[in-house]
Participant: 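Here you go, one structure.
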Amino acid sequence: MSKDSQMRAAINQKLIEMGERERLKELLRAKLVECGWKDQLKAHCKDVIREKGLEHVTVEDLVTEVTPKGRALVPDSVKKELLQRIRAFLA
């Protein structure tokens, strides 16, 4: 395990133990709904299903197709706020 992965695991463990991970997840959910991300992703899912046909799309296919766009659609302001909160928690 690289030093980077060890550090990520340690940070994640600390976030979980202190309950901060759940609070961050709730904040993220709220921010994504607020900025319209959820609606944009839902529309993209519907487009993919319409394009390929309901009978020809599995959940795995949908996740594989939608994940990159979903990540790209997260506003920078939301990413920055989460990062600031994690840094503040670790300080």
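Worth knowing before you read on, the calculation uses all heavy atoms, side chains too, and leaves out hydrogens, waters and symmetry mates.
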Participant: Going from CG on Leu41 to CZ on Arg71, what distance comes out if it is rounded to the nearest 0.5 angstrom?
Facilitator: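 The distance works out to 11.5 Å.
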Participant: Ignoring hydrogens, what is the shortest heavy-atom contact between Pro68 and Thr64? Give both atom names and the distance.
Facilitator: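 Scanning both residues completely, I find the closest heavy atoms to be CD-O, 3.3 Å.
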Participant: Take Glu20 and Arg23 through the salt bridge (Lys or Arg N to Asp or Glu O under 4.0 Å) test and state the conclusion after the steps.
Facilitator: CA-CA 5 Å; Glu20 188 64 17; Arg23 285 189 288 276; 3.0 Å; yes
Participant: Between NZ of Lys52 and OG1 of Thr58, what distance do you get to the nearest 0.5 Å?
Facilitator: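 The OG1 atom of Thr58 is 8.5 Å from NZ of Lys52, to the nearest 0.5 Å.
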Participant: Do you know which two heavy atoms are closest between Val57 and Val48, and how far apart they sit?
Facilitator: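 Heavy atoms of Val57 and Val48 come nearest at CG2-O, 4.4 Å.
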Participant: Quick one: pull up CD1 in Ile11 and CD in Gln13 and give me the separation to the nearest 0.5 Å.
Facilitator: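 Between Ile11 CD1 and Gln13 CD, I get 12.0 Å after rounding to 0.5 Å.
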Participant: From Asp76 CG over to Leu83 CG, what is the distance, rounded to the nearest 0.5 angstrom?
Facilitator: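 Here the interatomic distance stands at 11.5 Å.
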Participant: Flag yes if Met18 and Leu28 sit in one hydrophobic cluster, no otherwise; membership is Ile, Leu, Val, Met, Phe, Trp, Tyr, and two members link when side-chain heavy atoms are under 4.5 Å apart.
Facilitator: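 Shared cluster, yes.
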Participant: To the nearest 0.5 Å, what is the distance between NZ on Lys14 and CG on Leu90?
Facilitator: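 Separation between the atoms: 6.0 Å.
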Participant: If you define the side chain from C-beta out and look only at heavy atoms, does anything of Arg50 sit under 4.5 Å from Asp47?
Facilitator: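 Heavy-atom side-chain distance check passes, below 4.5 Å.
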Participant: When you group the ILVMFWY residues by side-chain heavy-atom contacts below 4.5 Å and let the links chain together, are Leu27 and Ile86 in the same group?
Facilitator: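 Looking at the clustering, Leu27 is in the same group as Ile86.
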Participant: Answer yes or no: is there a side-chain heavy-atom contact under 4.5 Å between Leu32 and Lys38?
Facilitator: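 They are not in contact (no side-chain heavy atoms under 4.5 Å apart), so the answer is no.
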Participant: Who passes side-chain hydrogen bond (donor to acceptor under 3.5 Å, both in side chains) against Lys42, sequence neighbours left out?
Facilitator: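 In terms of side-chain hydrogen bond (donor to acceptor under 3.5 Å, both in side chains), with neighbours along the sequence ignored, Lys42 is linked to no residue.
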Participant: With Glu55, which residues qualify under side-chain hydrogen bond (donor to acceptor under 3.5 Å, both in side chains), at least two apart?
Facilitator: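 Expected list: none.
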Participant: Side chains of Leu73 and His44, heavy atoms from C-beta outward: is any pair under 4.5 Å?
Facilitator: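 Not touching, per the 4.5 Å side-chain cut-off.
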Participant: Hey, could you give me the NZ/CG distance between Lys31 and Leu82, rounded to the nearest 0.5 Å?
Facilitator: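 These two atoms lie 9.5 Å from each other.
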Participant: List in chain and number order the residues that pass side-chain hydrogen bond (donor to acceptor under 3.5 Å, both in side chains) with Glu26, two or more places apart in sequence or in another chain; answer none if no residue qualifies.
Facilitator: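 Residues passing side-chain hydrogen bond (donor to acceptor under 3.5 Å, both in side chains) with Glu26: Arg29.
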